[in-house]
Structures are given as structure tokens and as C-alpha cells.
Amino acid sequence: MNRVVISGIGVVSPLGTGFTQTWKELVAGRSAVRPITAYDPASLRTRFGAEITDFDAKPFVRNRKSLRLMTRANQLAHAAVRLATEEARIDPATSGNDSVGVFLASENQISDPLHILDATVEACGPDGRIDPSRLGHEAARMYPLFFVEGLPSAELFFLSEEFGFAGPSAFLSGAGDAGISAIGNAYRAIARGETTVAVAGGFDDGVSWWCMSKLDRLDLLTDRNEAGAVRPYDRDATGTVLGEGACMLVLEDYDTAVARGIEPYAEVVGFGGGSDPVTPGEIWGDGTGLRNAMASAMREAGVAGTDIGYVAADGAAVIRADLAEARALRAALGAGADTVAASSVQPALGQLLSAAGPLNVALAAMALREATVTPTLNLSAAAPRCDLDWVPGSARELRADYSLALGRGLSGQAAALALRRL
């Protein structure tokens, strides 16, 4: 099996464009959670989020025709890939890109709704409801590329078109678990020799009205519309807010990266997945799947729980979900749970959905390289049975040889990636 390393990281987040900027802001303890401004959220229960307010996709997308077809989520993803490949010194014009793999995850589900708004309004009957027969007649007025733009996996095409990537690929749908699974699939492809280089990660525009309208009433978001409302692991936790962004990683065969003069962030040494048993309509399970995911990743890495120095955790800020995560950490790490540092960046960036897991991978890798771990903000008093070291308040210096990155889905799915310091 080939050794696999992370040779480039690209991030577009509510705290800045570029991983270096986002990392500095997180270490400094800053938060991007504030009132939503992109539209009027007055009808929503949750009116706070973590928005990217100054993003311009033009510098990152060379094909202007493609830019016009991209959703906002695609634009965020494209920018993150551009940043990651530039750091890894992979040029779009370089020969051999046809072997580069692409593994993406997203909940990217809809194109610009304004493209169908006029036809939808015209299809309404006297009672204000949509008349299907009238909608069929008015459908001819809809923007003809509406459904093409809204294809969830369209970014695979845009990346292939611009970079020439044509190696093994896959597209996953889900939250943080899907993002880490995308990276895990890339890791396995390189380890098995299917390719030597792959781009992998996740992206989502969770603060959009579409995502907010779907998730606003679920047991996920807080109704505290105020600063400091997102409080993972705290006894007063009431939920998180949604964020938007993209995190993309370049993974490479170790020998290939070193031969090109790359100084990798960390080595990927294990990947695992699992799923909690949940009943229909439930979001949070009991942590069994997360425990199994961590155990599988550590088993593949050949390490024990006491070897793990840092965990880039989920931190749903829902008490029963946080308790399940703490229970999973104790079960998977054993005695290591008493000494491990674990933290969540949801109070700073919100719930990034598919991008959450990849960002945790980036943070777990950076923690190993910089001997620093980001804090969990807004944590004043841990909930009962949730008293692990969550790095409350401020960043901390911590030297470790191994770290874990966690990703959780919204129906019990979970994934974990194990990293080793180089």
C-alpha cells in the first residue's frame, strides 16, 4: 500500500478566503456567526448564520461560460480547489492531469430559484395554490438550463473541464460524514495505486434560503438569535446555526509529493465509517456509528486511543447529540479520552454540512504541523456526562503525533479519518 499525504488545502469560509486566513481567525477565537443579511429571514425560527459576505468567484474560474452556469455552492468549491491545487503546485495546463482523481461531497441541490419564479407565480390558481396543469403550460417559460445548473454533481464536470482531471471520481451526498468519506475514498484510491494524486473535499451553501427553509424546524438549529448562541457540549446548548463554505484537499502518494519538493501537512493513515441505529424522523443516534468509525480508523492506522492527541470534533450543540459524541469518544479512545484534546469550530463557522468534515481534516492536519489546536467557543459549563477536554475559550499549544477528524450526518451516519505527524 502506498503512503498518502495531504499536500494542499484550499478553504473558502465565513472567516476568510484561504486556509491560512481561516486558521488565523479560528486560533484567535473569532466567530462569523451573526444575523443573516442575504435575504429577509423574519419568517424563520433561526435568523442567525455564518455567511460569506465578500466572495467573488471571478478570480478563481477562468471559463466565464462555466461561471454563468455555476451555483453559488459550485463557485465556492471551484475557488477552494483552485487554492488547494495552487498550494500543491498542480497547474491546470500540466500534462498528466488526466490521471488526477476527484472525490466530492455536497448537498448542492438547487440552482437559482429566480429562474423559475415567474412561471411558478403564473401557475397559481385563484386560491393561491399551484395548478399543475397551468404549471405544465407555463413550464415553457422556465429557464432551459435550470435543471442542468442544479445537478448536484455538476462540479465534477466544471473541474474536469478547467483542470483536465479525468482520474477516478465519485460524488457523495450528505453532511460532514460525506465530506470525510470523499477524502477517505481518495485516500484508498491512492493507497491502492489507482492514482497518485486526488482532489477531495466538500462544499455547501447552507445559509441559503433553500437549506434554511428545510432545516429550520429540525432538532438542529438554535432559536437563540444572538451572539454566542452556538454552545457545543454546554449544559445550555440549544442547537447550532448553518454556515457556508468549501474545503478541498490535495492528497498525494508520499513519494510523488516529496519528489516535487512539497512539504506535506500530515499523512493519512486510517479511515472508517459507521451508522447509528435511528428510527424514521430522528436525526441523532446514540453514537454507536461514530464509535465504530473512530475504532476502524485507528485500527487501520495501527494506533490505540492513548496515541491520539487531538480530535477535530463535530459539536452539534444539541445536548443529546453532544452526549452521544462524548460517549463515542470515551468508548473508542478508552483511557485516551481522559487526556485527549477535542474541539469544535461550529461556534465560529456554523454547521458547514458537507464541508464540515473536510475542514475538520484540515484542522487536524494543521494541529499536528503547528502544534496548536483551535478552541471551542462559548463553552462555560459542560453538560453532565460531557466533561471531556473541549479546549474551551482559547487556542492551545499541543504537540501530538496522531489526530482524528470526525464527520457526522443528519441521520446517524459518521466517518473518521486518522492522521499522523510527519
Side-chain angles (χ1 to χ4, degrees), residues 14 33-36 38-51 73 105-110 113 152 172-180 202-226 229-245 274-290 313-328 344-347 349-357 359-360 378 383 386 406-415:
V33 174
R34 54 183 61 94
I36 294 172
Y39 53 90
D40 184 359
S43 63
L44 299 175
R45 175 174 172 270
T46 301
R47 297 182 292 278
F48 268 50
E51 294 176 297
S106 180
E107 282 290 319
N108 183 27
Q109 294 178 347
I110 190 170
L172 305 176
S173 179
D177 60 306
I180 284 191
F203 60 100
D204 265 311
D205 58 341
V207 195
S208 69
W209 71 268
W210 176 253
C211 282
M212 286 291 295
S213 64
K214 290 193 303 178
L215 301 179
D216 187 53
R217 299 293 175 177
L218 297 182
D219 183 13
L220 173 68
L221 305 182
T222 180
D223 60 356
R224 286 180 178 168
N225 294 295
E226 60 188 22
V230 182
R231 310 180 69 172
Y233 316 114
D234 195 273
R235 64 186 178 188
D236 294 325
T238 57
T240 188
V241 300
L242 293 179
E244 61 180 344
S275 184
D276 290 347
V278 296
T279 59
E282 285 190 352
I283 294 180
W284 309 113
D286 61 3
T288 302
L290 185 60
D314 178 56
V318 175
I319 289 180
R320 63 194 181 100
D322 291 344
L323 288 175
E325 185 174 18
R327 188 183 305 117
S344 166
V345 294
Q346 287 208 39
L349 296 172
Q351 166 59 264
L352 296 178
L353 299 176
S354 295
L359 183 62
N360 275 352
N378 309 330
C386 204
L406 308 184
R408 298 173 76 185
L410 301 184
S411 297
Q413 307 93 334

Could you tell me if the side chain of Asp314 sits less than 4.5 Å from the side chain of Gln351, heavy atoms only? yes

I need the Met212 CE to Arg217 CZ distance, nearest 0.5 Å. 10.5 Å

What distance separates Gln346 CD from Leu352 CG, expressed to the nearest 0.5 Å? 7.5 Å

Could you check whether any side-chain N or O of Arg231 sits under 3.5 Å from a backbone N or O of Asn378, counting only pairs where one atom can act as donor and the other as acceptor? yes

Determine whether more than 12 heavy atoms belonging to other residues, nucleotides or ligands lie under 6.0 Å from atom CZ of Arg235. no

For the student: nearest non-hydrogen atoms of Glu244 and Pro14, plus distance: O-CD, 3.2 Å

Checking the side chain of Asp204 only, and the main-chain atoms of Gly206 only, is there a donor and an acceptor separated by less than 3.5 Å? no

According to side-chain contact (heavy atoms from CB on, under 4.5 Å), who are the partners of Arg34, at least two apart in sequence or on a separate chain? Ala32

Step by step, would you call Ile36 with Val207 a side chain to side chain contact (heavy atoms under 4.5 Å, CB included)? CA-CA 8 Å; Ile36 294 172; Val207 195; 3.9 Å; yes

Between Arg408 (side chain only) and Ala321 (backbone N and O only), is there a donor and an acceptor less than 3.5 Å apart? yes

Given side chains that start at C-beta, do those of Arg224 and Asp236 come closer than 4.5 Å, heavy atoms only? yes

For residues Leu353 and Cys211, report the shortest heavy-atom separation together with the two atoms involved. CD1-SG, 4.4 Å

Is there side-chain contact between Pro152 and Ser106, with heavy atoms separated by less than 4.5 Å? no

Examine distances only and state if a side-chain atom of Asn360 and a backbone atom of Leu406 form a donor-acceptor pair shorter than 3.5 Å. yes

From the list Leu242, Ile283, Leu44, side-chain contact (heavy atoms from CB on, under 4.5 Å) with Leu215 holds only for Leu242

Distance-minimising heavy-atom pair for Ala317 and Ala237: O-CB, 3.3 Å

Check: Asp216 side chain, Arg45 main-chain N or O, donor-acceptor pair, under 3.5 Å: yes

Closer than 3.5 angstrom, by distance alone: can the side chain of Glu51 be matched with the main-chain N or O of Ala38 as a donor-acceptor pair? yes

Among all residues two or more places apart in sequence or in another chain, which pass the side chain to side chain donor-acceptor pair (under 3.5 Å) test with Thr288? Asp286

For the residue pair Val241 and Thr46, establish whether any side-chain heavy-atom pair is separated by less than 4.5 Å. yes

Can Thr240 and Thr222 be said to form a side chain to side chain contact (heavy atoms under 4.5 Å, CB included), step by step? CA-CA 5 Å; Thr240 188; Thr222 180; over 6 Å; no

Looking only at heavy atoms, the pair that brings Leu410 and Ala175 closest together is CG-CB, 4.3 Å

Quick check: closest heavy atoms across Asp276 and Leu290, and the distance to 0.1 Å? OD1-N, 3.9 Å

Which heavy atom of Gly315 sits nearest a heavy atom of Ser344, and at what distance? CA-OG, 3.6 Å

Any sub-3.5 Å donor-acceptor pair from Trp284's side-chain atoms to Asp219's backbone N or O? yes

